[in-house]
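Letters go in sequence order (proteins before strands), and every chain restarts at 1.
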Protein chains: 2
Amino acid sequence: MATLKDVARLAGVSVKTVSNVVNGYSFVKPDNRRRVEEALEATGYRPNLGARNLRRGRTGFIALVLPELSIPYFAELAGLVIAAAQEHEWNVLIEQTFGTLAGERSALAALGPHLVDAAILSPEALQVDDFQLPVPAVLLGEHAVDVPISRVGIDNVAAAQAAVRHLVSLGHQRIAAIGAHPHRGTAALRLEGYRRALAEADLPFVDELVVPALNYHRADGAAAMRSLLDLRNPPDAVFCFNDLLAIGAMRAAAERFVRVPSDLAVVGFDNNEESVYSSPSLTSVAPDKAAIAQAAVDLLHRRVESSEFLENVETPFSLQVRESTVAR
Amino acid sequence: MATLKDVARLAGVSVKTVSNVVNGYSFVKPDNRRRVEEALEATGYRPNLGARNLRRGRTGFIALVLPELSIPYFAELAGLVIAAAQEHEWNVLIEQTFGTLAGERSALAALGPHLVDAAILSPEALQVDDFQLPVPAVLLGEHAVDVPISRVGIDNVAAAQAAVRHLVSLGHQRIAAIGAHPHRGTAALRLEGYRRALAEADLPFVDELVVPALNYHRADGAAAMRSLLDLRNPPDAVFCFNDLLAIGAMRAAAERFVRVPSDLAVVGFDNNEESVYSSPSLTSVAPDKAAIAQAAVDLLHRRVESSEFLENVETPFSLQVRESTVAR
DNA sequence: CATCGTTGTTCCAACGATGTAAAGACCCGG
DNA sequence: CCGGGTCTTTACATCGTTGGAACAACGATG
């Protein structure tokens, strides 16, 4: 593989002159520039990024730390982050934590300061002490603990409130919630939005209608729904804290011959592509994932470039109404 | 951040001795070793991977080039590849091609020889000339063109045949296929499996029952299904070349009040998690994705270490029978 | 014609790690 | 106490790149 030295020899100039041409330095004689460019062409020179970054003190990578790629929300987000990072000539390194404290800690430990320039984190279990990060970072979504790191995400309270308001507006009275979680920050906020929407409609907050979910997988949604359907007085609507829970809930409902939406309205959260094609299709809170990815990457880029302190960014969301809350 | 030099100064030895301790070189006096280890501990030294790799001529990264992370199959696979790569101390860099020739070419161009040690490719449009790769590579799945690169994947013909055989065994006579594609290698093989299964059951191969799909998204499956349902004599079963097509097909069927599986049996391919929870759940060919990821990474590792030439690897698959082909 | 400022180029050091060769410490037998 | 081998450590060069200083060439200025 050709190095600067090879190109320099071929063009009959010094290594530094070639470097200057490659990096767009202005003061190079047209004649030399031409010769260097020809030599670059002839050798097919590509800079050794490792060496360049060693010299520059940068790595050219950012880390994206998330629970699991098999969760559609994170897969979609990862795709968008990769695309956004490309604009800043960053490559993305994905670390999976599987939502465990140990997984998150080991992911953070792995990203030594020399491996990445910055990190985008989507933690679920980390504690305050863990946030001694060696590089600039952004948190996606909320987190229970209060740490001085910028956050990017939607207003979870307002989003949940909008979802439940929608159910209220359709006349539902016994509205359940699936996805309460002891440590997850977003869960607490979505629960708060649920609570507020009930309150403003003068509906009672009923403990038995709020079902926890330890993981946010389809199986957890199905299990939670089964327990709700077992109640003496089951709900007529359910707000799930993510789409996977909702898909699982709809599945459990179908198994009991409970019809959605006529017997039970369902709202999800995340607006996965999957939810558009399920039968029935799923009404869902739709965070602008592209905006989240873009904001997170841009924020990190400005932070790395200028080390300015940066605020949190609130991205927009919308409610996508589909069949699961209105009759076909 | 601490470097070898800092540690050496603190321990009162040369840089190389510290390097020797870090790399487990045997001949270090116990006394020095102890002092170095203390100094390592005290400084919290972490090697600069960029510098190490510059010296060693390796990068510590492999590329995973795939169409799109928002396609569940590739997201799940990516997660498994990341996990498998960790065992060899490799980090994974994901490049998305969006299934276009331009996208694939630019992804290949991006992975200069200095960026990654090896690459795992899942191409859909590349042509023979494009396979002048600067690093060892593995192809996932088949590809129409014949190039001297190891492949890892299942026997697509046999898998498709098993799927269609299953439909035949349930008594279906007019079995359609969705997903034919002019350039995609896997599409041709799955079509061949379909053809063979029909032939061995003495069923006719009917042109109008084979529907192409340019992309393998849910929308394409839905469109294809609609065209099949518009036929004067619609099929009583359909084999889709991936699960997304099948999900789309089931959705289109539901919209026309065609019941699955009683009016129409559906089989998919890939066994996405999504397919377990759809209503009805989807019968699907299940490639062993973990085995594919593991085999691809291991093969590359051996190739990089020893530069031995390596054969293709055929991984196992199974057929997961679910509600879409049997009555609930 | 000496001086100056601008422009263009080269040389050298450095980023942090490791391979090599050679020097130093140590122990043994003679 | 010396020669010779085995451990152990060190100095140095090197990977490919870039920043900075030094230097060279040049026309313009006084």
Test side-chain hydrogen bond (donor to acceptor under 3.5 Å, both in side chains) applied to A:Q86 - qualifying residues, sequence neighbours left out: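 Per chain and number, A:Q86 pairs via side-chain hydrogen bond (donor to acceptor under 3.5 Å, both in side chains) with no residue.
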Of all residues at least two apart in sequence or in a different chain, which pass the side-chain hydrogen bond (donor to acceptor under 3.5 Å, both in side chains) check with A:T17?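 side-chain hydrogen bond (donor to acceptor under 3.5 Å, both in side chains) check on A:T17 returns A:S14.
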Rounded to the Å, how far apart are [X] [atom1] and [N] [atom2]?
{"X": "A:K29", "N": "D:dA25", "atom1": "NZ", "atom2": "P", "answer": "9 Å"}
{"X": "A:N53", "N": "C:dC15", "atom1": "CG", "atom2": "P", "answer": "16 Å"}
{"X": "B:L54", "N": "D:dA13", "atom1": "CG", "atom2": "C1'", "answer": "13 Å"}
{"X": "A:D31", "N": "C:dG8", "atom1": "CG", "atom2": "P", "answer": "12 Å"}
{"X": "B:L49", "N": "C:dA17", "atom1": "CG", "atom2": "C1'", "answer": "11 Å"}
{"X": "B:R9", "N": "D:dA11", "atom1": "CZ", "atom2": "P", "answer": "14 Å"}
{"X": "A:N48", "N": "C:dG16", "atom1": "CG", "atom2": "C1'", "answer": "14 Å"}

For B:H217, give me all partners under ring-ring contact (aromatic ring centres under 6.0 Å, His included), at least two apart in sequence or on another chain.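 B:H217 satisfies ring-ring contact (aromatic ring centres under 6.0 Å, His included) with no other residue.
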Got a sec, which residues hit ring-ring contact (aromatic ring centres under 6.0 Å, His included) with A:F61, two or more places apart in sequence or on another chain? B:F61
Evaluate the side-chain proximity of A:R151 to A:V138: yes if any heavy-atom separation is below 4.5 Å, no if none is.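 No, their side chains stay 4.5 Å or more apart.
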Would you give me the side-chain donor-acceptor pairs under 3.5 Å for residues 18-25 of chain A, sequence neighbours excluded?
unit_1	atom_1	unit_2	atom_2	d
A:S19	OG	A:N23	ND2	3.4
A:N20	ND2	A:K16	O	3.4
A:N23	OD1	A:R56	NH2	3.3
A:N23	ND2	A:S19	O	2.8

Please determine, for the side chain of [X], which listed nucleotide ([options]) has the closest atom?
{"X": "B:T17", "options": "D:dT8, D:dT10, C:dT10", "value": "D:dT10"}
{"X": "A:V13", "options": "D:dT17, C:dT10, D:dT8", "value": "C:dT10"}
{"X": "A:F27", "options": "D:dT17, C:dG8, C:dG16", "value": "C:dG8"}

Stems formed with participation of DNA chain D [Watson-Crick or G-U wobble, under 3.5 Å, three or more pairs]: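 As far as DNA chain D goes, consecutive pairing (with distances under 3.5 Å) yields the stems C:1-30 with D:1-30.
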With sequence neighbours left out, what residues match B:E314 under salt bridge (charged side-chain N to carboxylate O under 4.0 Å, His left out)? none
Tell me, which pairs form a salt bridge (charged side-chain N to carboxylate O under 4.0 Å, His left out) where one or both residues lie in residues 3-15 of chain B, sequence neighbours left out? B:D6-B:R9
Please report the shortest heavy-atom distance between B:T59 and B:L115, naming the atom on each side.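 Nearest heavy atoms, B:T59 then B:L115: OG1-O, 3.2 Å.
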With sugar-phosphate taken as primed atoms, P, OP1 and OP2 and all else as base, the protein-contact string of nucleotides 18-23 of chain C at under 4.0 Å (heavy atoms; B, S, -) is BBB---
At less than 4.0 Å, is any side-chain N or O atom of B:T3 found next to OP1 or OP2 of C:dG16? Yes or no. no
